[in-house]
Amino acid sequence: MGRLNDLEKLGQAVWLDFIDRRSLAEGGLQKLVDEDGITGVTSNPSIFEKAMGHGDAYDAALAEFDKANPDASAMARYEHLAIQDIQAAADTLRPIYDRLDAKDGYVSMEVSPYLAADTDGTAAEAERLWRAVDRPNLMIKIPGTPAGVPAIAATIDKGINVNVTLLFGIEAYKAVALASVEGLEKRAARGEAIDRIASVASFFVSRIDTKIDDAIDAGTGDDAAKPLKGKVAIANAKLAYQWYLDFIKSDRWQALAAKGAMPQRLLWASTGTKNPDYPDTLYLDTLIGPDTVNTVPPKTLDAFRDHGTPAETLTADVDGARHVLAETERLGLDLDGVTDTLVEEGVQSFAKAFDDLLGAIAAKHPAEAT
């Protein structure tokens with residue numbers, strides 16, 4: 001039992017923000033489950049681009065697929081490989097899912113980032129991927145864009161687990177939380193079960209500080225803004241959690257909870273520290289609290305295992321967090337504008353990674369694996 005295991009005692013699940021075929025085959029995920037208490041896995045186009053686009057770990061499987069499907073598109077080839085990895089991760093995590101009665105043990109797979117502005121296309125792809133992976137402990141990742149919000153409600157209405165991604169602002173988070181509730185309410189109104197449908201809201205952290213810090217360094221807010229460096233993202237996350245705590249007390253949520261509904265947990269994403277001047281465990285140490293998830297890249301996982309500080313910090317100094325956000329607004333740092341920009345950049349970044357991924361797969365030939 002170590003520092004990562006201690007987080008479970010504090011009510012926080014730790015997921016691995018990484019997937020790779022070689023690691024899965026060599027038992028890397030199972031080791032993290034057994035030794036560190038990891039209870040979930042997240043993937044995204046950038047992670048798959050790094051895993052599939054470089055090296056030869058996927059070449060043998062791709063060659064086998066190509067022989068049977070010589071005319072397959074790059075997208076079909078990618079999906080074949082990705083689904084195999086997602087299924088393997090889901091099977092590794094299945095004992096957790098069963099032990100915790102569907103409350104954890106999930107692996108996430110993203111809908112195509114090309115669909116970020118297409119509500120119907122997103123909902124259709126979510127259902128298609130759900131059927132293709134065919135694992136109850138799968139979560140389909142849907143971006144929290146304006147077009148994504150109704151797709152989230154529609155997907156949960158179909159009984160599919162959802163990981164809402166690319167959330168940066170509190171108002172955007174509220175919208176997707178209510179969309180999740182809407183999906184559950186529609187199922188409940190038809191008399192359908194809602195007790196084993198899970199969802200998380202992936203609230204991105206470090207990228208906010210990067211943007212705000214850059215603005216401060218460029219002179220926005222003058223010297224008065226300098227004490228805000230490295231604090232805005234954490235304050236933003238803490239106040240999102242306060243909204244969550246208030247909402248689960250509401251009559252609307254309690255009516256669903258009485259029918260067995262599980263709350264949509266906040267998941268802290270982008271928790272690797274970008275600024276080398278900040279502690280490498282900053283976005284783990286400061287965001288620990290019940291009914292939350294932190295999805296962590298391997299390097300940050302190693303850092304917390306070595307010198308992280310497990311303590312309930314998410315509800316500490318909430319008044320201080322409110323002051324930080326009030327000062328952010330007063331000094332013209334435009335947090336709303338920053339979060340809007342980050343959503344756009346996130347969609348573009350994932351689309352670019354997907355472009356690169358499909359290009360790398362298209363360039364691979366069966367001969368490379370023989």
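Just so you know, these numbers come straight off a predicted model, no measurement behind them. Note that the numbering runs from 1 along the sequence shown for the chain.
Of the possible polar contacts, one joining the Arg3 side chain to the Arg305 backbone as a donor-acceptor pair under 3.5 Å is found. Between the side chain of Gln87 and the backbone N or O of Val133, at least one donor-acceptor pair lies under 3.5 Å. The backbone N or O of Asn161 lies less than 3.5 Å from no partner atom in the side chain of Ser199, so there is not a single donor-acceptor pair. Checking side-chain atoms of Asp209 against main-chain N and O of Ala233 turns up a donor-acceptor pair under 3.5 Å. A distance-only check finds a donor-acceptor pair linking the side chain of Asn137 to the backbone of Gly105 [under 3.5 Å]. For the pair Thr273 (side chain) and Asn275 (backbone), a donor-acceptor distance under 3.5 Å is absent. In this structure, the side chain of Thr145 engages the main chain of Gly148 through a donor-acceptor pair within 3.5 Å. Counting only distance, with no hydrogens or angles, the side chain of Ser349 and the backbone of Glu345 share no donor-acceptor pair below 3.5 Å. Judged purely by atom type and a 3.5 angstrom limit, Asn163 has no side-chain atom pairing as donor or acceptor with the backbone of Ala201. Here the side chain of Gln12 pairs a donor or acceptor atom with the backbone of Leu287 at under 3.5 angstrom.
Counting heavy atoms from C-beta on, the side chains of Met109 and Trp130 never come closer than 4.5 Å. Within the 4.5 Å cutoff, side-chain heavy atoms of Asp355 are placed close to those of Tyr114. Between Trp15 and Val107 the shortest side-chain heavy-atom distance does not fall below 4.5 Å. Counting only heavy atoms from C-beta outward, the side chains of Thr39 and Leu93 never approach each other to under 4.5 Å. Annotation: side chain of Thr315 is in contact with side chain of Leu245 (closest heavy-atom distance under 4.5 Å). For the pair Leu62 and Leu81, the minimum side-chain heavy-atom distance is below 4.5 Å. Side-chain contact between His80 and Gln84 is present, with at least one heavy-atom pair separated by less than 4.5 Å. The shortest distance between side-chain heavy atoms of Val324 and Thr328 falls below 4.5 Å.
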Query - Residues Thr165, Ser202; criterion side chain to side chain donor-acceptor pair (under 3.5 Å); working and verdict - result: CA-CA 5 Å; Thr165 187; Ser202 294; 5.0 Å; no

Query raised in the report: Which is it for Thr313 and Thr286 under the side chain to side chain donor-acceptor pair (under 3.5 Å) test, yes or no, and what are the steps along the way?
Result: CA-CA 5 Å; Thr313 52; Thr286 55; 5.7 Å; no

Requested in this report: Kindly determine whether Val296 and Phe18 satisfy side chain to side chain contact (heavy atoms under 4.5 Å, CB included), including the steps that lead there.
Outcome: CA-CA 8 Å; Val296 188; Phe18 176 78; over 6 Å; no

Query raised in the report: Between Tyr244 and Phe247, is a ring pair (Phe, Tyr, Trp, His ring centres under 6.0 Å) present by the stated rule, with each step listed?
Result: CA-CA 5 Å; Tyr244 163 81; Phe247 182 70; 8.4 Å; no

Requested in this report: Start with the C-alpha distance between Gln264 and Val164, add both sets of side-chain angles, then the distance that settles side chain to side chain contact (heavy atoms under 4.5 Å, CB included), and finish with yes or no.
Outcome: CA-CA 10 Å; Gln264 181 189 62; Val164 184; 3.8 Å; yes

**Report entry** side chain to side chain contact (heavy atoms under 4.5 Å, CB included) between Leu184 and Trp253, intermediate numbers included
**Finding:** CA-CA 10 Å; Leu184 292 172; Trp253 174 254; 4.0 Å; yes

Requested in this report: Mind running side chain to side chain donor-acceptor pair (under 3.5 Å) on Gln30 and Asp34 for me, showing each step along the way?
Outcome: CA-CA 6 Å; Gln30 186 65 60; Asp34 294 340; 2.9 Å; yes

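At a threshold of 4.0 Å, the pair Lys231-Asp213 does not count as salt-bridged, since none of the basic side-chain nitrogens sits closer than that to a carboxylate oxygen. Remark: Glu49 does not engage Lys352 in a salt bridge, criterion side-chain N to carboxylate O under 4.0 Å. For the pair Lys9 and Asp6, the salt-bridge criterion is met [side-chain N within less than 4.0 Å of a carboxylate O]. Remark: Lys186 does not engage Asp157 in a salt bridge, criterion side-chain N to carboxylate O under 4.0 Å. Between Asp319 and Arg322 there is a salt bridge, since a side-chain N of the basic residue sits under 4.0 Å from a carboxylate O of the acidic one. Electrostatic pairing of Asp217 and Lys226 does not count as a salt bridge here, judged by no charged N lying under 4.0 Å from a carboxylate O. A salt bridge between Lys238 and Asp317 is absent, with no side-chain N of the basic residue lying under 4.0 Å from a carboxylate O of the acidic one. Note on Arg265 versus Asp104: salt bridge recorded, some NZ/NE/NH1/NH2 to OD/OE distance being below 4.0 Å.
With hydrophobic clusters built from ILVMFWY side chains whose heavy atoms lie under 4.5 angstrom apart, Val232 shares a cluster with Leu166. Under a hydrophobic-cluster definition in which Ile, Leu, Val, Met, Phe, Trp and Tyr are linked whenever side-chain heavy atoms come within less than 4.5 Å, directly or via other members, Leu301 and Val293 are assigned to different clusters. With hydrophobic clusters built from ILVMFWY side chains whose heavy atoms lie under 4.5 angstrom apart, Leu267 does not share a cluster with Val181. With hydrophobic clusters built from ILVMFWY side chains whose heavy atoms lie under 4.5 angstrom apart, Leu167 shares a cluster with Ile47. Both Leu178 and Ile197 belong to a common hydrophobic cluster when Ile, Leu, Val, Met, Phe, Trp and Tyr are linked at side-chain heavy-atom distances under 4.5 angstrom.
Annotation: Glu192, atom CD; neighbour count of heavy atoms from other residues, nucleotides and ligands within 6.0 Å is above 12. The environment of CD in Gln242 is crowded: more than 12 heavy-atom neighbours from other residues, nucleotides or ligands sit within 6.0 Å. The environment of CD in Glu329 is sparse: at most 12 heavy-atom neighbours from other residues, nucleotides or ligands sit within 6.0 Å. More than 12 heavy atoms of other residues, nucleotides or ligands shown are found within 6.0 angstrom of CZ on Arg190. Other residues, nucleotides and ligands contribute over 12 non-hydrogen atoms within 6.0 Å of the NZ atom of Lys174.
Remark: aromatic rings of Tyr173 and Trp243 are close, center separation under 6.0 Å.
Interatomic distance, CZ of Phe350 versus CG of Asn44, reported as 4.0 Å (0.5 Å rounding). The CD atom of Gln348 sits 10.0 Å away from the OG1 atom of Thr341 when rounded to the nearest 0.5 Å. Taking CG from Leu284 and CG from Asn294, the interatomic distance works out to 4.0 Å, rounded to the nearest 0.5 Å. Phe168 contributes atom CZ, which lies 5.0 Å from atom CZ of Arg207 (distance to the nearest 0.5 angstrom). Between atom CG of residue Asp195 and atom CE of residue Met262 there is a gap of 7.5 Å, rounded to the nearest 0.5 Å. Between atom OG1 of residue Thr292 and atom CG of residue Leu7 there is a gap of 8.5 Å, rounded to the nearest 0.5 Å.
Looking at every heavy atom in both residues, Thr295 comes nearest to Ala269 through CG2-CA, 4.0 Å. Of all non-hydrogen atoms in Ile83 and Ala132, the two that sit nearest each other are CD1-CB, 3.7 Å. Summarising the geometry of Ala151 relative to Ala123, their closest heavy-atom pair is CB-N, 4.1 Å, with the distance given to 0.1 Å. Of all non-hydrogen atoms in Ala237 and Phe203, the two that sit nearest each other are CA-CE2, 3.8 Å.
Ring planes of Phe354 and Tyr78: perpendicular class, angle over 60° (limits at 30 and 60°).
For the residue pair Lys274 / Thr210, no side-chain donor-acceptor distance below 3.5 Å is found, with atom types taken as modelled. A side-chain N or O of Thr281 and one of Asp285 form a donor-acceptor pair less than 3.5 Å apart.
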